[in-house]
There are 2 protein chains.
Amino acid sequence: MEYEQLKLDNQLCFRLYTAARLTIGAYHPYLDPLGITYPQYLVLLVLWEQDKQPVNDIAHKLFLETNTVTPLLQRMEKAGLVKRAKGKEDTRQRIVSLTKKGIEMREQAKHIPDCLSDEIIQITGEEEEFVRMIPTLDKLIEGLKRTTNNK
Amino acid sequence: MEYEQLKLDNQLCFRLYTAARLTIGAYHPYLDPLGITYPQYLVLLVLWEQDKQPVNDIAHKLFLETNTVTPLLQRMEKAGLVKRAKGKEDTRQRIVSLTKKGIEMREQAKHIPDCLSDEIIQITGEEEEFVRMIPTLDKLIEGLKRTTNNK
DNA sequence: TAATTTTGCATCGTGAACGATATAAATAAG
DNA sequence: CTTATTTATATCGTTCACGATGCAAAATTA
């Protein structure tokens with residue numbers, strides 16, 4: 001059939017796009033009580049690993065553009081989760097640091113990854129199959145990141 | 001370590017989210033010349049498989065809400081890709097059909113899936129590993145779809 | 001048949017994502 | 001030292017994605 005390859009069933013990207021959206025949806029019951037969104041949760045993960053980072057470092061670790069992260073951080077600042085201070089050595093930089101509220105949220109969030117794992121196991125019967133996707137996804141992400149940067 | 005599970009490296013969802021965004025980015029060189037976005041391309045895939053469908057069917061096949069698809073279709077109508085007509089039997093329905101322009105775009109788009117496959121092979125050296133993710137992603141999508149509907 | 005509930009779609013508001021562009025500071029080139 | 005370029009961040013406009021809500025038509029129930 002001439003158009004066989006256009007069938008939705010054959011598309012990998014559509015699966016990734018849908019799986020990502022639905023998985024983010026599964027975070028809602030845990031993030032809503034904290035008053036944060038999934039991308040904001042990702043920013044917190046980055047800052048919990050290492051506090052006081054410039055916008056660029058956060059964006060880079062999340063594979064996002066700074067023009068996505070800046071408004072995200074502004075909303076998080078308004079919500080009292082982070083502070084944004086001018087850099088000392090390089091005044092162009094904005095050093096993002098956690099507030100007391102942002103630091104304390106780590107304690108409330110620490111169970112979330114295990115909750116999600118449990119949910120996936122409940123839903124699908126096993127976890128191993130999903131863990132096995134991780135290196136493949138990493139390979140894809142690294143490859144795509146390299147090629148789009150060479151544009 | 002107490003917060004080990006909060007490390008970004010350990011998160012499956014973050015991989016899915018990032019891989020989806022970057023893969024959609026890889027479609028840009030092919031979709032931009034056609035003047036369509038990735039979600040619009042998905043709508044066209046659905047309509048190319050079967051023309052004249054109500055909004056609800058399109059949304060369901062893409063695992064999206066109708067309040068996401070409606071404005072998407074309105075933009076596509078303005079771009080001259082689809083028509084939206086009141087349903088005959090059920091007047092609540094809006095039957096979406098392809099215009100001449102929408103039908104003809106199929107010919108220009110038919111090579112896109114192969115281009116993307118080639119790109120993934122070039123980037124990563126092989127394709128098989130990614131094809132193997134598809135049934136796992138389907139299992140995850142179906143599972144998540146079921147549980148979120150039972151809410 | 002009349003009242004109630006459900007269904008299909010649309011509208012509104014908020015928060016991403018990202019291309020394009022702007023701005024100021026740092027760096028490099030002249 | 002001055003000019004040009006790069007870098008770090010911010011702003012703007014457009015398009016999703018989706019929860020909440022609205023509305024009219026259809027289906028169900030009384």
Side-chain angles (χ1 to χ4, degrees), chain A residues 14 17-29 31-32 35-43 53-60 62-79 81 84-96 144-145 148-149 151, chain B residues 14 17-29 31-32 35-43 53-60 62-79 81 84-96 144-145 148-149 151:
Chain A
F14 172 60
Y17 160 77
T18 304
R21 279 191 306 105
L22 297 183
T23 309
I24 289 172
Y27 276 82
H28 266 121
L31 298 181
D32 285 353
I36 58 174
T37 64
Y38 183 72
Q40 291 174 10
Y41 171 67
L42 292 181
V43 169
Q53 296 189 52
V55 176
N56 215 10
D57 288 19
I58 298 171
H60 186 255
L62 298 179
F63 301 93
L64 288 168
E65 305 298 320
T66 60
N67 57 357
T68 298
V69 175
T70 291
L72 196 58
L73 291 170
Q74 288 170 343
R75 283 185 288 269
M76 292 177 76
E77 187 171 42
K78 209 192 295 184
L81 294 166
R84 301 182 312 136
K86 282 241 161 79
K88 296 272 165 70
E89 325 92 76
D90 190 335
T91 61
R92 290 172 305 177
Q93 287 186 335
R94 283 281 217 167
I95 308 297
V96 182
L144 287 169
K145 191 62 193 168
T148 49
N149 281 353
K151 249 193 255 177
Chain B
F14 173 61
Y17 159 79
T18 304
R21 280 190 308 103
L22 296 183
T23 310
I24 288 172
Y27 276 82
H28 266 120
L31 298 180
D32 285 353
I36 58 174
T37 65
Y38 183 71
Q40 291 174 9
Y41 171 66
L42 292 181
V43 170
Q53 297 190 52
V55 175
N56 216 9
D57 288 19
I58 297 171
H60 186 256
L62 298 179
F63 300 94
L64 288 167
E65 305 298 321
T66 60
N67 57 358
T68 298
V69 175
T70 292
L72 195 60
L73 291 170
Q74 289 169 341
R75 283 185 289 269
M76 292 177 76
E77 186 171 41
K78 210 193 294 186
L81 293 166
R84 301 183 311 135
K86 282 240 161 78
K88 296 274 164 70
E89 326 91 77
D90 189 335
T91 61
R92 290 173 304 180
Q93 289 186 336
R94 284 282 217 166
I95 308 298
V96 182
L144 288 170
K145 191 62 195 169
T148 49
N149 280 354
K151 248 192 258 176

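Just so it is clear, the model here is predicted, and its values are computed rather than measured. Chain A is the first sequence line, chain B the second, and so forth, proteins listed ahead of strands; every chain is numbered from 1.
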- Query: Can you check whether Glu77(A) reaches Leu73(A) side chain to side chain, under 4.5 Å on heavy atoms?
  - Reply: no

- Rounding to a whole Å, what distance do you find between Arg84(B):CZ and dC9(C):P? 10 Å

- Query: What's the closest nucleotide to the Arg92(B) side chain, out of dA26(D), dA17(C), dC9(C)?
  - Reply: dA26(D)

- Task: Taking all non-hydrogen atoms of both residues into account, name the closest pair between Thr91(B) and Lys88(B) and its distance.
- Result: CG2-O, 4.3 Å

- Query: Over how many whole Å does the gap from Asp32(B) atom CG to dT15(D) atom C1' extend?
  - Reply: 13 Å

- Taking for each residue the nucleotide of DNA chain D with the nearest heavy atom, is it Leu22(A) or Ile95(A) whose nucleotide lies nearer the 5' end? Ile95(A)

- Task: Mind calculating the distance between OH (Tyr41(B)) and P (dC16(D)) to the nearest angstrom?
- Result: 15 Å

- For Glu89(B) and dG8(C), what is the distance between atoms CD and C1' respectively, to the nearest whole Å? 13 Å

- Item | Sugar-phosphate only, base, or nothing, as touched by Thr66(B) at under 4.0 Å among non-hydrogen atoms | base

- Pairwise 5' ranking along DNA chain D for Asn67(A) and Gln40(B), keeping only the more 5' one: Asn67(A)

- Message: Side chain of Tyr17(B), heavy atoms from C-beta onward: which of dA17(D), dC18(D), dA17(C) has the nearest atom to it?
- Response: dA17(C)

- Leu72(A) side chain, from C-beta outward: closest of dA16(C), dC9(C), dA26(C): dA16(C)

- Message: Do Tyr17(B) and Phe63(A) make a side-chain contact, defined as non-hydrogen atoms from C-beta onward lying under 4.5 Å apart?
- Response: no

- Candidates dC9(C), dA10(C), dA17(C) - which lies nearest the side chain of Gln93(B): dC9(C)

- Kindly point out which of dC18(C), dA10(C), dT9(D) is positioned nearest to the side chain of Pro54(A)? dT9(D)

- Quick one: is Gln74(A) getting a side-chain N or O under 4.0 Å of the dT11(D) phosphate, OP1 or OP2? yes

- Message: In whole Å, I'd like the distance from the CG atom of Asp57(B) to the P atom of dG8(C).
- Response: 9 Å

- Message: Test your reading of the model: is there a side-chain donor-acceptor pair from Tyr38(B) to the backbone of Gly25(B), 3.5 Å cut-off?
- Response: no

- Query: Between Lys78(B) (NZ) and dT15(D) (C1'), how many Å, whole number?
  - Reply: 12 Å

- Query: Out of Leu62(A), Thr37(A), Leu64(A), which one pairs with Val43(A) under the side chain to side chain contact (heavy atoms under 4.5 Å, CB included) rule?
  - Reply: Leu62(A)

- Message: As a test of reading the structure: which of dA17(C), dC18(D), dA8(D) is closest to the side chain of Asn56(A), going by heavy atoms?
- Response: dA8(D)

- Ignoring backbone atoms, establish whether Thr91(A) has a side-chain N or O less than 4.0 Å from OP1 or OP2 of dA26(C). yes

- Task: May I ask you to verify if any side-chain N or O of Thr70(B) is less than 4.0 angstrom from the OP1 or OP2 atom of dA10(C)?
- Result: yes

- Task: Mind calculating the distance between CZ (Phe14(B)) and P (dA17(C)) to the nearest angstrom?
- Result: 11 Å

- Taking all non-hydrogen atoms of both residues into account, name the closest pair between Met76(A) and Gln40(A) and its distance. CE-O, 3.6 Å

- Item | Any Arg94(A) side-chain nitrogen or oxygen under 4.0 Å from OP1 or OP2 of dA8(D) | no

- So, is Thr68(A) near the phosphate of dA16(C), with a side-chain N or O under 4.0 Å from OP1 or OP2? no

- Task: Would you mind telling me which residue lines up with the more 5' stretch of DNA chain C, Asp90(A) or Pro71(A), judged by nearest nucleotide?
- Result: Pro71(A)

- Out of dA16(C), dA10(D), dA17(D), minimum distance to the side chain of Leu64(B) belongs to dA17(D)

- Whole Å only: how far is the CD1 atom of Ile24(A) from the P atom of dG15(C)? 16 Å

- Of the nucleotides dA10(D), dC18(D), dT15(D), which has the atom closest to the Arg75(B) side chain? dT15(D)

